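See below for the structure under consideration.
Bear in mind the structure is a predicted one, so any value in this text is a computation, not a measurement. Order of the sequence lines fixes the chain letters, A, B, ..., with proteins taken first and strands second; residue numbering starts at 1 for each chain. All values below come from the heavy atoms of this structure, side chains included, with hydrogens, waters and symmetry mates left out.
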Amino acid sequence: MNIATAPQPFSANDYKSDYKPVWCPGCGDYSVLLAFTKAMAQLQRPPEEIAVISGIGCSSRIPAYTNCYGFHGVHGRALPVGTGLKVARPELTVIVAGGDGDGFSIGGNHFLHACRRNIDITYIVMDNRVYGMTKGQPSPTTEPDWDSALAPGGTGLRPFHPLVIALASGANFVARGFSGDPNGCADLIVQAVRHPGFSFVEILSPCVTFRPDQREWGKMVHAAPVNPTDDAARAARRIMTDDGFNTGVLYAGNRAPFRPQTAPAAGLDAIEAEFAL
Amino acid sequence: MNIATAPQPFSANDYKSDYKPVWCPGCGDYSVLLAFTKAMAQLQRPPEEIAVISGIGCSSRIPAYTNCYGFHGVHGRALPVGTGLKVARPELTVIVAGGDGDGFSIGGNHFLHACRRNIDITYIVMDNRVYGMTKGQPSPTTEPDWDSALAPGGTGLRPFHPLVIALASGANFVARGFSGDPNGCADLIVQAVRHPGFSFVEILSPCVTFRPDQREWGKMVHAAPVNPTDDAARAARRIMTDDGFNTGVLYAGNRAPFRPQTAPAAGLDAIEAEFAL
Amino acid sequence: MNRDNAAIQSLSFAIVGSGGAGVMTAGQMLLDAAARAGLCGLMSRSSGPQIRGGEAAALLRLASTQVESHGDRFDVLLAVDWQNAHRFASEIPIDARSFVVGDPAEGAVPEAFSAAGARIVPVPLKAIAKKVPGGRPNMVALGALGALAGIGAETLARAIEATLQKGGEALKSSLAAMQAGMAAVAEAGVSLPRLAAGQAAGRWTITGNEATGLGAVRGGVRFVAAYPITPATEILEWLSSALPRVGGTLVQAEDELASINMAIGASYGGVPSLTATSGPGLSLMTEALGLAVAAEIPLVVVDVMRGGPSTGIPTKSEQADLNIALYGLHGDAPHVVVAPNSIADCLPATQWAVHLAETLQVPALVLPDQSMGQSRIVLERPASLPLAGARLVAEPETANYRRYALTPSGISPMARPGTRGTAYTADGLEHSERGIPSSQAGDHLAQLDKRARKLDHADYSRYWAEIEGEGDVAVVTWGSCTAPVREALARARAEGVKARLVSLRLLAPAQPERLAAALAGVRRILVVEQTHSGQFHRYLRAAFDLPCETRVFHRAGPLPMRPGEIHSKIVKELAA
Amino acid sequence: MNRDNAAIQSLSFAIVGSGGAGVMTAGQMLLDAAARAGLCGLMSRSSGPQIRGGEAAALLRLASTQVESHGDRFDVLLAVDWQNAHRFASEIPIDARSFVVGDPAEGAVPEAFSAAGARIVPVPLKAIAKKVPGGRPNMVALGALGALAGIGAETLARAIEATLQKGGEALKSSLAAMQAGMAAVAEAGVSLPRLAAGQAAGRWTITGNEATGLGAVRGGVRFVAAYPITPATEILEWLSSALPRVGGTLVQAEDELASINMAIGASYGGVPSLTATSGPGLSLMTEALGLAVAAEIPLVVVDVMRGGPSTGIPTKSEQADLNIALYGLHGDAPHVVVAPNSIADCLPATQWAVHLAETLQVPALVLPDQSMGQSRIVLERPASLPLAGARLVAEPETANYRRYALTPSGISPMARPGTRGTAYTADGLEHSERGIPSSQAGDHLAQLDKRARKLDHADYSRYWAEIEGEGDVAVVTWGSCTAPVREALARARAEGVKARLVSLRLLAPAQPERLAAALAGVRRILVVEQTHSGQFHRYLRAAFDLPCETRVFHRAGPLPMRPGEIHSKIVKELAA
Ligand SMILES: Cc1ncc(C[n+]2csc(CCOP(=O)(O)OP(=O)(O)O)c2C)c(N)n1
Ligand SMILES: Cc1ncc(C[n+]2csc(CCOP(=O)(O)OP(=O)(O)O)c2C)c(N)n1
Ligand code: SF4
Ligand code: SF4
Ligand SMILES: [Mg+2]
Ligand SMILES: [Mg+2]
């Protein structure tokens with residue numbers, strides 16, 4: 001069936017390293033890793049031209065499980081690292097990945113400003129509505145009544161809406177996937193990478209250890225009933241009122257991505273001459 | 001005309017200290033200070049039961065210019081300080097105040113989470129779309145083409161929408177005022193303080209020194225053409241599409257404010273007994 | 001907080017197995033049973049890199065008296081299975097006198113352990129468990145170890161019941177499996193010396209992190225804001241339940257910048273406040289710590305140290321946050337640093353820190369480490385301490401109230417918001433006595449002097465250090481090195497070495513006169529610490545006049561300091 | 001980077017006035033004119049708490065040779081008006097030999113100044129200015145001061161023209177006002193000794209912050225991310241224009257956490273990167289600094305020190321960020337700390353820091369201070385330095401590539417993203433040679449050793465310190481104390497004291513052998529620093545073996561260190 005297409009030198013496996021993940025058996029993040037490798041194979045970008053940048057958390061372990069360049073930084077600061085890398089090396093494909101705690105709790109400010117800055121990177125959040133790595137505390141996306149040792153009886157707080165915040169702060173592409181559908185996720189990631197500017201993909205990725213209830217997610221997700229829009233206000237309104245389990249591309253905008261300042265090239269001498277009397 | 005009302009022991013002046021502000025002559029923040037004192041006089045809360053908490057910036061100097069308890073903390077962290085104070089001392093009226101840089105750049109994450117947490121405090125941002133204190137750099141609300149030494153020719157970045165972000169993250173009351181109208185601002189502050197939960201008041205407050213162009217603001221502001229709504233999505237959509245100079249209460253919601261966890265009172269002994277064999 | 005320092009009679013047990021094998025449960029029950037049998041003891045945990053499902057080890061030491069750290073060797077290594085157990089080899093030293101209990105069905109003892117020449121005791125854990133309906137090998141293991149530890153079946157049964165409170169089939173089969181394990185050991189004919197037991201009544205079991213939480217509550221802390229981080233999370237989890245019961249509150253913050261600033265806000269409001277974190281979080285808190293110094297806000301920050309630098313080794317111990325704790329603030333920012341010297345000491349040390357913070361209106365850091373925080377011990381109910389630090393509070397309507405008044409003690413009355421006539425603005429900018437920002441040299445110097453003075457004038461006499469023993473040589477140490485040093489010194493003394501122990505509980509402000517007095521007549525010291533670069537030694541050099549003959553033994557984590565390695569250094573460096 | 005250390009012949013001028021009086025403009029023009037006249041000089045600024053419109057002072061020192069700090073006294077204090085001028089009294093010491101030039105229409109000389117007994121020279125600045133259409137008193141002042149400094153009218157005119165490039169009426173009236181000011185001084189019959197002038201050609205005027213920026217660019221920095229903060233902002237503002245012209249980029253970040261992590265990301269990508277901040281911002285960067293240590297990312301962080309603690313005194317100088325720079329990271333995190341020893345040295349010191357960071361794959365901190373950063377000097381065009389730090393880059397397709405390989409030097413080839421066959425993941429968790437997270441004691445120790453080794457093995461010989469003079473006593477100092485120490489020593493030498501100067505440019509890693517060699521034969525040292533608590537002295541004690549006779553002179557900011565106060569200490573402590 002693929003007879004007509006050009007030979008594809010890279011298979012999904014070429015994007016996978018042979019380190020064994022530390023993830024729990026059954027963790028949703030395995031499927032995100034799979035989706036990532038499939039997406040990269042679709043894009044056919046050589047692995048060394050891709051950089052995967054993360055913070056700290058179970059999900060943030062993903063870089064070393066790929067065969068790309070990776071950076072496993074500190075908790076909450078993956079987006080700035082990715083931003084600096086992309087600005088300095090615009091020819092690389094930069095994917096930032098991590099968890100809901102990393103991205104929306106400690107990293108919330110960078111999320112806001114990365115959306116606003118609209119640099120051409122893709123941000124994948126494996127949202128399990130919990131801090132997995134630190135053994136089960138509520139994250140900003142956790143339901144208000146989820147009981148835990150740190151918040152007995154629940155936090156009582158309204159969950160954070162990552163997609164709405166992304167839209168409100170200027171992300172140029174917004175999608176939601178479910179790790180139980182790695183092909184669907186791969187497709188979202190491909191579109192996200194191809195879309196110019198800041199692309200945000202939230203992947204619902206169950207934490208089987210601390211949120212066994214999330215095994216039910218498979219039954220709850222469904223494709224978004226409407227087509228993506230390029231009207232951020234409309235997209236936001238839809239997401240604010242949907243059931244939180246719509247998947248697919250929800251917004252694809254047209255904002256021009258960030259361009260660093262340029263100036264006519266000048267030798268160092270010309271610059272230094274300005275200090276002369 | 002006020003014959004029927006009870007005597008009002010506190011006048012606006014009772015909320016003002018006699019320290020001379022360091023602000024430039026003509027700075028919009030003088031009027032915000034005036035509006036604040038008028039609002040407190042309307043509320044008739046004794047000055048010592050009010051705490052004014054700020055970060056760092058010209059606008060953040062406001063606490064010491066009031067006769068209330070004040071806290072002038074570090075840059076960007078006023079909301080956490082106010083949150084801790086309010087949770088620990090719920091009987092106080094806590095007003096957090098500061099600038100656009102303080103609140104939306106370095107303090108952006110706390111802004112998100114304070115809105116979400118919905119503690120019963122009022123947050124006043126004196127938005128002059130510039131870093132005044134550090135002598136004129138672009139802030140998140142600065143127009144993309146505003147020229148400055150740090151961003152020659154402009155940042156090229158879409159301005160941050162504080163009111164939209166407030167709505168998207170769960171603030172319970174959202175209003176915009178203009179410092180040129182201190183009575184109007186006082187009224188907004190009164191309503192904000194009275195409204196339960198997290199109330200956010202953005203006051204357009206010109207920086208005459210680094211943004212002399214903002215002297216034009218007086219001509220541009222106007223009362224919002226519609227009544228406040230309690231539908232956050234609608235309010236957000238309105239704000240995303242208006243001209244940025246609508247003033248008035250734009251949203252008044254009904255979310256229950258944050259309540260700290262409670263538990264049946266127990267002596268320390270009862271707690272310690274759990275360690276016994 | 002004094003303890004006796006006799007050599008410790010103890011038995012050490014390690015239980016290893018792969019994920020789901022239940023070694024931690026077995027370990028907990030064994031410690032609990034031992035406690036009920038009148039023994040003291042300690043259990044720590046180790047596990048592989050997996051979040052869940054990886055190999056794990058429960059490491060126990062049982063003793064007649066309170067025991068605060070592991071020994072040099074393990075008497076018994078029991079493996080439920082051997083999967084990846086070799087990864088624990090360096091943490092579980094065994095020797096020819098040890099027993100290795102393994103299930104022959106799980107394969108041979110791995111080289112990493114068999115090389116020690118220990119006596120191998122094959123016990124078919126799985127097969128035995130299978131014979132009990134619903135029986136699990138870890139309960140067989142519990143029986144086997146209980147038997148080796150000389151704990152009676154009834155006591156073991158009570159420990160199992162305490163855990164499986166629901167009763168039912170699970171309880172029944174666990175009891176049966178345990179008994180089968182006891183029988184198997186009896187059959188194998190192995191035994192260990194008996195430990196003398198004491199009175200279980202009145203004793204507690206507690207982890208270092210729980211003790212820290214309790215110390216905070218005893219000290220009066222009623223507000224906590226924090227962000228989860230290994231290995232400090234258990235402090236928060238314990239406090240989140242305890243605080244509301246005493247009228248306090250815990251807030252989970254969005255990050256550490258928020259948590260410390262929330263605690264500052266609450267404390268400004270008059271409520272003693274705390275946050276707890278580990279190295280990466282502490283890094284994010286230093287700006288606000290400086291604010292608390294400048295604005296004179298009482299505050300306790302607990303840093304449960306883990307391996308560094310950066311994210312480092314989150315689940316293992318090291319003492320290398322000393323530098324940042326002492327010096328990590330910009331500007332001249334005097335503050336208090338207190339370190340517990342044992343798991344049990346997490347309670348009084350934290351309580352003292354609250355006392356000092358409140359009394360001196362200053363941030364106080366508390367530096368336990370992972371090996372203390374995540375270990376559980378058995379101990380006598382900790383006594384109440386006369387540490388009820390109270391702030392100097394300004395009177396209502398104080399005429400001409402000056403928040404930062406230049407008092408002789410350096411401590412100025414702090415007005416509580418809500419009080420009439422004392423409204424002021426707290427400020428992190430340099431300020432006048434009234435708190436108004438000032439860049440005048442005179443105000444700056446006056447306030448710098450004041451903030452230094454209040455720390456200098458405080459009374460630290462009772463708790464600043466633990467000093468034990470006699471002699472013209474001494475070991476100077478701190479924190480979790482103290483227990484193994486104490487044990488090493490006890491051995492050395494038994495060999496005729498006369499040496500003192502000085503373990504600093506107060507790290508800052510430095511007490512050079514007190515240390516000089518404690519070391520009067522000492523010609524040589526050995527400094528012991530668990531860092532790669534010798535941070536404590538450098539600090540001692542900086543702030544104290546040390547004897548010319550100063551020797552140092554420092555090494556990085558994550559392996560715990562062993563009494564034996566310290567003992568050899570003592571013999572080599574001090575006994576010479 | 002060596003300078004001669006002859007005693008300095010100089011004239012010092014202070015111009016004060018209220019907001020809008022234009023004292024800074026007059027000061028700038030005076031310095032510019034002096035430079036054009038072949039003099040060297042220095043100008044610093046001081047202002048009141050107001051954001052704008054408050055009182056201000058321009059402080060100048062003109063000299064025949066390069067001058068890097070203020071002297072003990074001012075020869076001339078000129079006040080455009082006296083409003084709040086008393087606030088500057090401690091910054092502008094005058095004496096009986098000084099002239100106080102004031103406009104009698106502005107009232108009497110305030111007590112704070114008149115008490116010095118200086119000769120008061122009434123000049124009706126306002127009245128003179130009024131006579132010139134559009135004339136302003138500050139230009140009259142410029143003329144008056146120019147005349148006192150012995151600068152010709154033409155040269156002053158050129159300086160005015162250079163500023164008012166638009167020409168027109170403003171220029172015309174300024175020139176006229178200036179000439180009227182010159183005439184007024186001639187009339188008053190006051191004069192000062194003449195300074196010998198050199199060749200203006202080839203000289204530069206530059207601020208310390210600009211020099212820092214240029215040092216970064218010369219060193220190869222092509223990416224900067226930062227967040228504005230006083231007194232570092234000018235570094236960023238200069239770089240934001242300069243970088244794009246050499247193919248680089250500056251990003252204004254949302255906060256300091258972002259800026260340092262952006263710089264780390266860019267550097268990981270192979271582009272030499274920098275961020276600049278001051279104390280509060282540095283506090284927020286220590287976590288990421290630790291990441292750069294652990295993940296071995298080259299990075300330069302400039303901290304322009306201001307008064308602390310906390311927000312402190314943002315516009316004034318102090319050396320009290322030394323502690324956080326040296327010790328502010330959690331865990332054992334060896335890194336580089338470099339401090340310029342003068343305004344001019346901001347350039348080479350920063351360039352050297354880039355060189356070290358790139359060569360050693362480590363974060364390097366650079367510690368200028370406000371008094372350097374925001375002062376402008378006249379100097380000879382700085383020579384190019386042979387510092388082209390280059391990273392050791394991994395070859396494409398390196399077989400079995402190990403990013404953190406344990407090489408003898410401790411430096412391992414760093415692959416550039418985009419390169420085939422060397423993909424790896426940089427990690428802040430402790431890791432194996434390959435970069436895979438590891439909590440094994442062996443990996444931890446090996447990597448800790450490696451990270452320490454690479455700093456130990458580096459060659460710092462050429463720049464680690466400035467060492468001058470002979471004698472069996474020495475002053476040991478650093479940073480902006482160096483210039484006044486040098487001047488004080490020159491005076492002391494002229495009085496027959498034989499003393500050495502050692503000013504450390506490399507603060508970390510400590511070079512104890514080098515210092516020992518530099519101090520060979522020295523029996524007593526005086527440590528000089530501008531901190532309240534003696535941070536530098538404590539650090540020297542910790543890391544070096546000092547002579548038994550060590551004396552210390554430390555005091556807090558914000559007043560600049562004066563040669564005279566240091567000279568008296570030298571006389572008292574070293575000459576004895
Ligand atoms: C500064 C800092 N604070 C806290 C931590 C502890 N920590 C590690 S991962 C994590 C949360 C992880 O949650 P999330 O990002 O949702 O990832 P998950 O494990 O759920 O995939 C926390 C709080 C840390 N490493 N650093
Ligand atoms: C951690 C930290 N970073 C940077 C600064 C420097 N700084 C002081 S105020 C300010 C911005 C102020 O802008 P804004 O909040 O809008 O207040 P405004 O002065 O405009 O009222 C900055 C960047 C600081 N004090 N602390
Ligand atoms: S704890 Fe949860 S998120 Fe982490 S690896 Fe296990 S299942 Fe995945
Ligand atoms: S700089 Fe701007 S914001 Fe600051 S006081 Fe002056 S006018 Fe107001
Ligand atoms: Mg998560
Ligand atoms: Mg502003």
>> What I'd like to find out is whether the side chain of Leu39(D) reaches to under 4.5 Å of the side chain of Val378(D), using heavy atoms alone.
In response: no

> Does a side-chain heavy-atom distance below 4.5 Å link Met285(D) with Ser259(D)?
Replying inline: yes

>> Between Gln261(A), His110(A), His75(A), who has the most heavy-atom pairs with chain D when the cutoff is under 4.5 Å?
In response: His110(A)

> Contact part of Ala263(D) toward chain A, heavy-atom cut-off under 4.5 Å: side chain, backbone, both or neither?
Replying inline: neither

> Parallel, tilted or perpendicular for His195(A) and Phe173(A), by the 30°/60° rule?
Replying inline: tilted

>> Given heavy-atom pairs under 4.5 angstrom as the criterion, report whether the side chain, backbone, both or neither of Pro264(A) touches chain D.
In response: backbone

>> Non-hydrogen contacts under 4.5 angstrom with chain D: give the residues of residues 19-38 of chain A involved, or none if there are none.
In response: Tyr19(A)

> Relative to the ring of Tyr123(A), is the ring of Phe111(A) parallel (under 30°), tilted (30 to 60°) or perpendicular (over 60°)?
Replying inline: tilted

> Should we say atom CD of Glu91(A) is surrounded by more than 12 heavy atoms from elsewhere, each under 6.0 Å from it?
Replying inline: yes

>> What part of Arg416(D) gets within 4.5 angstrom of chain A, counting heavy atoms only: side chain, backbone, both, or neither?
In response: both

> Of the backbone (N, CA, C, O) and the side chain (C-beta and beyond), which part of Gln252(D) lies under 4.5 Å from a heavy atom of chain A, both, or neither?
Replying inline: backbone

> Is there any ring-ring contact (aromatic ring centres under 6.0 Å, His included) pair reaching into residues 197-221 of chain D, and which pairs are they, with sequence neighbours excluded?
Replying inline: Phe275(A)-Trp204(D)

> Quick one: salt bridge (Lys or Arg N to Asp or Glu O under 4.0 Å) pairs with a partner in residues 33-43 of chain D, sequence neighbours left out?
Replying inline: Asp32(D)-Arg36(D)

> Of the backbone (N, CA, C, O) and the side chain (C-beta and beyond), which part of Glu274(A) lies under 4.5 Å from a heavy atom of chain D, both, or neither?
Replying inline: side chain

> Given a strict heavy-atom distance threshold of 4.5 Å, which part of Ala225(D) is in contact with chain A: side chain, backbone, both, or neither?
Replying inline: neither

> Which atoms form the tightest heavy-atom contact between Ala263(A) and Arg245(D), and what is the distance?
Replying inline: CB-CG, 3.7 Å

> Arg77(A) versus chain D, heavy atoms under 4.5 Å apart: side chain, backbone, both or neither?
Replying inline: both

> Below 4.5 Å, heavy atoms only, C-beta onward: do Leu79(A) and Phe198(A) meet side chain to side chain?
Replying inline: yes

>> Does any backbone or side-chain atom of Pro437(D) lie under 4.5 Å from a heavy atom of chain A? Answer side chain, backbone, both or neither.
In response: side chain

> Would you call Leu156(D) and Met29(D) a side-chain contact if the rule is heavy atoms closer than 4.5 Å?
Replying inline: no

>> Measuring only between side-chain heavy atoms, which start at C-beta, is Leu85(A) closer than 4.5 Å to Leu92(A)?
In response: yes

>> Please classify the contact between Ile260(D) and chain A as side chain, backbone, both or neither, with a heavy-atom cut-off of under 4.5 Å.
In response: neither

> When heavy-atom pairs shorter than 4.5 Å are enumerated against chain A, which of Val271(D), Thr205(D), Val246(D) gives the highest number?
Replying inline: Thr205(D)

> Are any non-hydrogen side-chain atoms of Pro396(D) and Thr419(D) less than 4.5 angstrom apart?
Replying inline: yes

Please list every donor-acceptor pair under 3.5 Å in which a side-chain atom of residues 289-300 of chain D meets a protein atom from a residue at least two apart or in another chain.
{"residue": "Glu296(D)", "atom": "OE1", "partner": "Lys450(D)", "partner atom": "NZ", "Å": "2.9"}
{"residue": "Glu296(D)", "atom": "OE1", "partner": "Lys454(D)", "partner atom": "NZ", "Å": "2.7"}
{"residue": "Glu296(D)", "atom": "OE2", "partner": "Lys450(D)", "partner atom": "NZ", "Å": "2.8"}

> Of the backbone (N, CA, C, O) and the side chain (C-beta and beyond), which part of Arg222(D) lies under 4.5 Å from a heavy atom of chain A, both, or neither?
Replying inline: neither

> What part of Arg116(A) lies closer than 4.5 angstrom to a heavy atom of chain D: side chain, backbone, both or neither?
Replying inline: neither

> chain A heavy atoms under 4.5 Å from Phe223(D): which part of the residue, side chain, backbone, both or neither?
Replying inline: side chain

>> Could you report the tightest heavy-atom contact between Ser60(A) and Gly55(A), atom names first, then the distance?
In response: CB-O, 3.1 Å

> So what's closer than 4.5 Å to chain A heavy atoms on Val251(D): side chain, backbone, both or neither?
Replying inline: side chain

>> Is Leu277(A) in contact with chain D via its backbone, its side chain, both, or neither, using a 4.5 Å heavy-atom distance?
In response: both

> Under a 4.5 Å heavy-atom cut-off, does chain D meet the side chain of Asn67(A), its backbone, both or neither?
Replying inline: backbone

> Is the closest side-chain heavy-atom distance between His113(A) and Pro80(A) below 4.5 Å?
Replying inline: no

>> Do Ile264(D) and Phe71(A) have side chains that approach each other closer than 4.5 Å (heavy atoms only, starting at C-beta)?
In response: yes

>> Which one wins on heavy-atom pair count under 4.5 Å against chain A: Ile436(D), Thr249(D), Leu250(D)?
In response: Ile436(D)

>> Just so I understand: if I count every heavy-atom pair under 4.5 Å between each of Ser273(D), Pro417(D), Ala266(D) and chain A, which residue has the most?
In response: Pro417(D)

>> Which atoms of Arg203(D) are under 4.5 Å from chain A, going by heavy atoms: the side chain, the backbone, both sets, or neither?
In response: both

